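Everything below concerns the one structure shown next.
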Amino acid sequence: MPELPEVETVRLGLEKLLVGHTILVETHDTDKGFPNSSSDVEQFLVGAEVIAVRRRAKVLLIDLNTSYTLVIHLKMTGQLVYRGKESFGAGHPNESLIGALPDRSTRVTFELDRGAKLFFNDQRKFGWVRLLPTIEVPNIDFMKKVGPEPLEDDFTPKIFIERIRRRANTSIKAALLDQTVLAGIGNIYADESLWGAKIHPATHVKDVSDAELKKLFTEIQYVLRLAIEKGGSTDKNYVNAEGKKGSYIDFARVFRREGLPCPRHSDTLIVKSKVAGRGTHTCPRCQTIVKY
DNA sequence: CACTTGACCTGTCCGC
DNA sequence: TGCGGACAGGTCAAGT
């Protein structure tokens, strides 16, 4: 659920809300979600000021003025929600949308100056928070092997095609989900971009032409940019830094639209199947498996 | 090495 | 109504 557009939406919100705040207290329910030693927390987190909020792939990076960084992965059901005086005000237009926090999914609470708080919620407990020296962030295993950012200027169709061809004998969907090929695509945007490029997700990479991959590159960028513009996709859990849902799902062409008409063919219904071990949505008319 | 599957978790939904 | 099982899907470890 949190894929690149969702994490980027959280980042944009936290950049506005969190930078300049000082972290006063940190509490967490178990060490699983936040396994750092308490001495590190006391020394490099408590009293630290947030100076920047970055993103790499689906990972959030909250930089502190102690040269340490909070590294956060939301996985499937993670949320990072900020609550300040501006969030609570009586009569606030979004007051009714904002549930009371902490709730039973809250794993980590950061108490900030000016009466604000930051909550890390995670229903399924797959997500995690780590405190690392900023300079070591690029050296963690995930960062060393993760592929290029799909929306950066230096990511070109040529680079995309070269990298994805390394996965010649797997399905194109499995290759898109492989974070070492490119960063940030998950189940929603894999299905959406493959529909856009009219490629069936089960097609082996070796059976997809360069022209089709080039089209897929364009569709990936289009879908990711549109999703960021819409504040991401909320299927169930995802909310942004203010606790609000994203609206991309209202614009989705295939994802979670099984039984509904394909936007290209009003007489053909979207079907759901399983590809690369994931629920997969396709139009049986415009997406067919072709072998050369 | 390339590739696939299972584990990690909890809440929800579906069929009996 | 209650209950068991399938399902949701990001990443890593273990398996083929």
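Just so we're clear, the structure is a prediction, and the values are computed from it rather than from any experiment. Per chain, numbering begins at 1; letters A, B, ... match sequence-line order.
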Rounded to whole angstrom units, what separation is found between the CZ atom of Arg124(A) and the P atom of dC12(C)? 17 Å

Report yes if a side-chain nitrogen or oxygen of Lys145(A) is closer than 4.0 Å to either non-bridging phosphate oxygen (OP1 or OP2) of dC12(C); otherwise report no. yes

Tell me the side-chain hydrogen bond (donor to acceptor under 3.5 Å, both in side chains) pairs involving residues 51-62 of chain A, sequence neighbours left out? Glu8(A)-Arg55(A), Arg54(A)-Asp63(A), Arg55(A)-Glu149(A), Arg56(A)-Glu149(A)

Are Phe255(A) and Tyr248(A) close enough that their ring centers fall under 6.0 Å? no

Indicate, with a heavy-atom threshold strictly under 4.0 Å, whether Arg256(A) touches base, sugar-phosphate, or nothing. sugar-phosphate

Does dG10(C) have OP1 or OP2 sitting under 4.0 Å from an N or O in the side chain of His73(A)? no

Please enumerate all residues that pass side chain to side chain donor-acceptor pair (under 3.5 Å) together with Ser266(A), with sequence neighbours excluded. none

Going by salt bridge (Lys or Arg N to Asp or Glu O under 4.0 Å), name the pairs with one or both residues in residues 172-185 of chain A, residues two or more places apart or in two chains. Arg167(A)-Asp178(A), Lys173(A)-Asp191(A)

Lys125(A) NZ to dG10(C) C1', in whole Å, measures 18 Å

Does anything in residues 178-197 of chain A reach DNA chain C, meaning a heavy atom under 4.0 Å, and if so which residues? Gln179(A), Gly186(A), Asn187(A)

Per the side-chain hydrogen bond (donor to acceptor under 3.5 Å, both in side chains) rule, what does the pair list look like for residues 217-226 of chain A, sequence neighbours excluded? Lys215(A)-Glu219(A)

From CZ (Arg11(A)) to CG (Leu4(A)), nearest 0.5 Å: 10.5 Å

Of all nucleotides in DNA chain B that come within under 4.0 Å of a heavy atom of chain A, which is furthest toward the 5' end and which toward the 3' end? dC3(B) to dG11(B)

